[in-house]
Novice: 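Following this message is one structure expressed as structure tokens.
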Amino acid sequence: MAASERPFLLFGTREFSSAAARPTELLTDPNLDNAMSALMSTYSPLPVSFSHGRGAELFDCEGRSFLDGLSGIAVTNLGHAHPRVTAAITEQASSLLHCSNIYQIDLQERVGEALTRRAGMERVFFSNSGAEANEAAIKLARLHAHERGIERPQIVVLEGAFHGRTLATLSATGNERIQKGFGPLVSGFLRAPRNDLHALQALAQKHDDVAALMLEPVQGESGIHPLDLEYLNGAAKLCKEQGWLLIFDEVQSGNGRTGSYFYHQQIDIAPDIVSTAKALGNGMPIGACLARGEAAHTFAPGHHGSTYGGNPLACAAAGAVLQALEEEQLQERAQPLGELIEKSFKETLNHDDAVAQYRRAGLMIGIELQLDCAELVKLALDAGLLINVTAGRTIRLLPPLVMSNEQGHQLGETLAGVVDSWLTNKPSKEGVA
Ligand SMILES: Cc1ncc(COP(=O)(O)O)c(C=O)c1O
């Protein structure tokens, strides 16, 4: 169906037929139908286009509904069209979208105060994305080291890490596929295997120019790997002894997803710097680099900046998210709902031997199969489920905190059915243990 012929549904409640009532006339301009895509092909999108969402459900342009097991990759933690977020951004949009950080922004200061309190940190810099929050963290660590006389500071990063796609963050990322073709990479990163404290200790002995250790306490893109607690505690102790800053990338694990506002709060480790983004605005682009102690007071005017970072519209969304999480206690859902989804999947799956490992932190769920399974994404879509496969063979689920138990059960059960029928109908099952 051509875009101009599709009914445009807003929040699934009313059908708008006149072009004037539609958010954008471009959607109905027949001159733009069937045009060759003008988009650079950085993605190969699945054959579905959503018109609206509600809670844990998304609806396509033909009105078909899908259960959202992915939250736009850990973004819409409060679900789609959360009334509080919708109201906050609608109200803000009708008064002031943007004014620039060269003026005081009351809302940014208040959201900053609320966020730093929730995180147990002291100060925050607002960005527009996770990669930018990490860029701020990297610059902060380097500046902190320079002020202590380290001329060529290095940052220790881990194998399997994902920190973003800008040049510095892709250099910090531990995935050659993401780095390939973009050399020369940014220097100043030392790589260590994850969960290997001896390797960190060896780096400490060999290098006297290390500024920081940067890691995701729960690696997301590498297939949901919560790092060993013993390792994280040992790493935190080593950082203290060596004077290294400890940077946690909680872009994916933050904002209620694992059961506490940030994951570091449930494991009782206080990093010096935390980066976040994704669910901070529940879909409005906003990121944050938070710091405590000396690191909180390192940046001075002129050191860093962002035109949009923390603008009134983005902060209205982040403020609403913080309030909703607090008042509705939504992060309390992460642990029991994650358990329920995993249990429903396990109880329904017939091919137990196809699973290599279950890994989970709240609603970051990884089911690693014994064989590559990227094709499951399309099969799940055909069954009305939105899921992701990462690192080749790990099914990744990142459902919203507002998903009901019934929907959670449906997600686990339907997914297991999809995996079973895929395995049964596969011409060759080589690779299955
Ligand atoms: C842990 C982590 N860090 C950083 C990023 C980059 O965030 P963004 O895509 O908002 O730049 C991501 C995105 O997936 C992530 O998962």
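One-based numbering, in listed order, for ligands and for the atoms of each. What you are looking at is a predicted structure, and each value in this text was computed from that prediction instead of being measured.
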Novice: Going by atom types alone, do Gln266 and Thr258 pair a side-chain donor with an acceptor below 3.5 Å?
Specialist: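 The answer is yes; a qualifying pair exists.
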Novice: Say you draw a straight line from CD of Gln201 to CD of Gln242; how long is it, rounded to the nearest 0.5 Å?
Specialist: 9.0 Å
Novice: Does the side chain of Asp68 come under 3.5 Å of the side chain of Gln407 through a donor N or O and an acceptor N or O?
Specialist: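 Their side chains do not contain a donor-acceptor pair, so the 3.5 Å distance test is not met.
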Novice: Do you see a donor-acceptor pair shorter than 3.5 Å between the side chains of His144 and Thr298?
Specialist: no
Novice: Would you call Arg359 and Met364 a side-chain contact if the rule is heavy atoms closer than 4.5 Å?
Specialist: no
Novice: Check contact between Gln219 and ligand 1, using heavy atoms of the residue and a distance below 4.0 angstrom.
Specialist: no
Novice: Heavy atom of Asn134 under 4.0 Å from ligand 1?
Specialist: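 Checking ligand 1 against Asn134, which is what was asked, there is a heavy-atom contact under 4.0 Å.
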Novice: So which heavy atom in the protein is nearest atom 3 (N) of ligand 1, and how far is it from that ligand atom?
Specialist: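 Result: Asp249 OD2, 2.8 Å.
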Novice: Provide, to 0.1 Å, the distance between atom 7 (O) of ligand 1 and the closest protein heavy atom, together with that atom's residue and name.
Specialist: Gly130 CA, 3.3 Å
Novice: Which atoms from ligand 1 have a heavy atom of Val251 less than 4.0 Å away?
Specialist: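 In order of number, 2 (C), 3 (N), 4 (C), 5 (C), 7 (O), 12 (C), 15 (C).
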Novice: How far is atom 16 (O) of ligand 1 from its nearest protein heavy atom, and which residue and atom is that?
Specialist: Gln252 NE2, 2.7 Å
Novice: For ligand 1, indicate whether the residue Arg165 contacts it via side chain, backbone, both or neither (heavy-atom separation under 4.0 Å).
Specialist: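 Contact part for Arg165 vs ligand 1: neither.
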Novice: Closer than 4.0 Å to some heavy atom of Ser129 - which atoms of ligand 1 meet that?
Specialist: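 The atoms of ligand 1 under 4.0 Å from a heavy atom of Ser129 are 10 (O), 11 (O).
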Novice: Does the plane of the ring in Phe59 sit parallel, tilted or perpendicular to the ring in His52? Use 30° and 60° as the thresholds.
Specialist: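 Ring orientation, 0 to 90° scale: parallel.
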Novice: Do Asp249 and Val274 come close enough that some side-chain heavy atom pair is under 4.5 Å?
Specialist: no
Novice: Looking at Glu216, which atoms of ligand 1 are within less than 4.0 Å of one of its heavy atoms?
Specialist: 1 (C)
Novice: Backbone, side chain, both or neither: what part of His163 comes under 4.0 angstrom of ligand 1, heavy atoms only?
Specialist: backbone
Novice: Quick one: look up the protein heavy atom nearest atom 6 (C) of ligand 1 and list residue, atom name and how far away it is.
Specialist: Ala131 N, 3.7 Å
Novice: What class does the angle between the rings of Phe262 and His264 fall in, given that below 30° is parallel, 30 to 60° is tilted and above 60° is perpendicular?
Specialist: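 Ring orientation, 0 to 90° scale: parallel.
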Novice: Does ligand 1 have a heavy atom under 4.0 Å from the side chain of Glu132, from its backbone, from both, or from neither?
Specialist: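 Under 4.0 Å from ligand 1, Glu132 contributes no heavy atoms.
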